[in-house]
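Predicted model only: the values in this text are computed from it and were never measured. Below, each value reflects all heavy atoms present in this structure, side chains not excepted, and no hydrogens, waters or symmetry copies. When a ligand or atom number is given, it counts from 1 through the structure's own listing order.
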Amino acid sequence: MQLTVALFSSQKYEHASFDACLNNQTRIKLTRFEQSLDAKSAILSQGFDAVCVFVNDIVDKTVIEQLAQFGVKCILLRCAGFNNVDLAAANAHNIKVCRVPAYSPEAVAEHCVALMLTLNRKTHKAYNRIREDNFDLNGLLGFNLFKKTIGIIGCGKIGLALVNILNGFDANVLVCDPYAVPGNYTICDLDTLLSQSDVISLHCPLTEQTHHMINEHAFAKMKQGVMLINTSRGALVDSKACIGALKTKKLGYLGLDVYEQESELFFKDRSDEIMQDDVFSRLVSFPNVLVTGHQGFFTKEALSEIAQITVNNALEFANNQPLSNEVK
Ligand SMILES: NC(=O)c1ccc[n+]([C@@H]2O[C@H](COP(=O)([O-])OP(=O)(O)OC[C@H]3O[C@@H](n4cnc5c(N)ncnc54)[C@H](O)[C@@H]3O)[C@@H](O)[C@H]2O)c1
């Protein structure tokens with residue numbers, strides 16, 4: 001039997017890695033759609049055995065009911081996080097859900113350090129200054145990461161990859177994670193991490209418990225001028241509370257690779273449109289805020305691993321084999 005797969009939110013940059021994996025096999029037939037999956041576009045999945053989705057596709061109860069009606073039996077996530085999928089609804093309709101649990105955690109950890117160093121050493125400003133023959137150093141003052149206290153919330157695969165890099169800076173690394181095991185860091189509770197860290201980086205999943213975990217109460221506990229980095233999921237952070245903390249200078253630096261309302265913005269060229277998101281506009285107006293559009297994962301190595309694992313997940317499903325990366 002051939003497994004037909006409707007791939008949503010298709011991007012050109014993924015073609016080569018998927019084509020390389022699908023080459024010389026006829027078991028899987030992939031059809032690409034540029035549209036993201038939601039209640040309106042779900043009709044496109046009619047007649048397909050599986051859908052393949054990414055971080056901002058909406059796979060809630062309504063969409064899953066439609067998928068079930070159209071005969072879809074498997075949801076293949078091309079990412080690790082699965083907060084956008086209603087697992088109970090999928091289970092109720094006997095639709096299997098598979099993900100890519102790890103694809104180069106180092107890619108995200110390295111991007112996180114790129115955000116930290118750019119914000120700190122202001123290389124983005126220096127780049128522009130030098131192009132205009134402006135060699136003034138005023139306004140470019142940074143600080144050493146050496147011996148600084150860096151708090152990591154969520155020390156799974158990405159958090160741990162970050163710890164390994166930060167140990168190279170001889171930083172004092174604090175970790176808050178309910179399942180933390182002893183390592184090259186100090187395990188502490190959230191309040192201790194918030195109050196002692198010079199830099200805070202988020203690497204826990206988005207759940208009901210972690211939604212807006214960084215809010216005005218959390219900022220109140222932090223050091224004046226703290227740096228906050230979020231490469232995990234946008235809604236871990238209350239964006240409006242960030243604006244408040246930036247205005248009082250409590251928040252000295254903010255690096256975001258994810259944003260709560262990113263599904264309305266990211267992964268498309270919107271330079272011809274009028275920005276409708278006032279919170280986002282305000283955030284990017286601060287000189288000490290650096291936003292990248294969910295590109296933490298975006299390395300050659302990670303794209304290749306995502307394609308290989310997704311195709312393997314599809315093959316396991318097509319062959320009725322145990323699903324190594326099923327999420328229940
Ligand atoms: N920016 C990107 O391109 C990108 C790419 C991949 C993943 N991500 C995000 O990064 C997150 C982390 O990925 P990972 O592969 O390291 O996941 P992981 O499952 O390996 O690690 C997550 C860790 O968070 C911990 N955790 C859970 N609840 C917590 C809480 N309330 N407080 C503190 N820790 C808590 C878990 O115990 C676990 O150790 C994912 O959830 C995903 O949202 C972003």
Side-chain angles (χ1 to χ4, degrees), residues 9 11 13-14 53-57 59 77-85 87 99-116 150-166 173-183 185-194 197 200-215 217-218 221 228-237 255-260 262-263 265-267 290-307 309-310 325 327-328:
S9 301
Q11 295 282 357
Y13 57 70
E14 295 172 306
V53 297
F54 195 49
V55 286
N56 291 326
D57 289 299
V59 202
L77 287 155
R78 319 199 277 292
C79 52
F82 47 88
N83 52 286
N84 54 339
V85 181
L87 292 178
R99 66 174 180 142
V100 183
Y103 48 92
S104 191
E106 293 77 17
V108 184
E110 288 175 18
H111 187 72
C112 187
V113 177
L115 292 177
M116 284 179 196
I150 305 187
I152 297 183
I153 302 179
C155 193
K157 291 174 284 295
I158 296 171
L160 204 53
L162 180 60
V163 169
N164 290 336
I165 301 173
L166 296 176
V173 180
L174 302 181
V175 159
C176 164
D177 186 320
Y179 299 100
V181 290
Y185 42 75
T186 306
I187 299 171
C188 65
D189 59 31
L190 184 60
D191 280 1
T192 307
L193 185 145
L194 295 177
S197 299
I200 296 173
S201 194
L202 307 179
H203 301 284
C204 57
L206 176 62
T207 61
E208 269 177 34
Q209 194 208 343
T210 60
H211 182 267
H212 282 191
M213 72 187 304
I214 303 298
N215 53 21
H217 304 294
K221 293 172 187 161
L228 175 68
I229 306 287
N230 186 10
T231 58
S232 189
R233 283 291 180 268
L236 293 175
V237 175
L256 299 178
D257 187 47
V258 286
Y259 171 63
E260 330 187 40
E262 69 175 53
S263 59
L265 299 174
F266 286 6
F267 303 121
L290 179 61
V291 182
T292 52
H294 208 136
Q295 67 173 80
F297 73 100
F298 200 49
T299 65
K300 288 179 196 168
E301 293 80 359
L303 283 189
S304 165
E305 283 174 49
I306 289 172
I309 297 168
T310 305
N325 297 314
V327 226
K328 290 183 189 171

Practice item. Report the C-alpha separation of Phe298 and Leu303 in whole Å, then their side-chain angles, then the decisive distance to 0.1 Å, and conclude whether the side-chain contact (heavy atoms from CB on, under 4.5 Å) test is met. Key: CA-CA 7 Å; Phe298 200 49; Leu303 283 189; 3.9 Å; yes
Check your understanding: What class does the angle between the rings of Phe297 and Tyr13 fall in, given that below 30° is parallel, 30 to 60° is tilted and above 60° is perpendicular?
Key -> tilted
**Study point:** Which residues share a side-chain hydrogen bond (donor to acceptor under 3.5 Å, both in side chains) with Asn84, sequence neighbours left out
**Key:** none
Check your understanding: Got a sec, which residues hit side-chain hydrogen bond (donor to acceptor under 3.5 Å, both in side chains) with Asn56, two or more places apart in sequence or on another chain?
Key -> Glu262
Practice item. For Thr292 and His111, test the side chains for any donor-to-acceptor distance below 3.5 angstrom and give the result as yes or no. Key: yes
Exercise for review: Could you pull out all residues at least two apart from Lys300 that satisfy side-chain hydrogen bond (donor to acceptor under 3.5 Å, both in side chains)?
Suggested key: none
Revision key, fill the gap. In chain-and-number order, ligand 1 lies under 4.0 Å from a heavy atom of each of Tyr103, Val108, Ile153, Gly154, Cys155, Gly156, Lys157, Ile158, Cys176, Asp177, Pro178, Tyr179, His203, Cys204, Pro205, Gln209, Thr210, Thr231, Ser232, Arg233, Asp257, His294, Gly296, Phe297
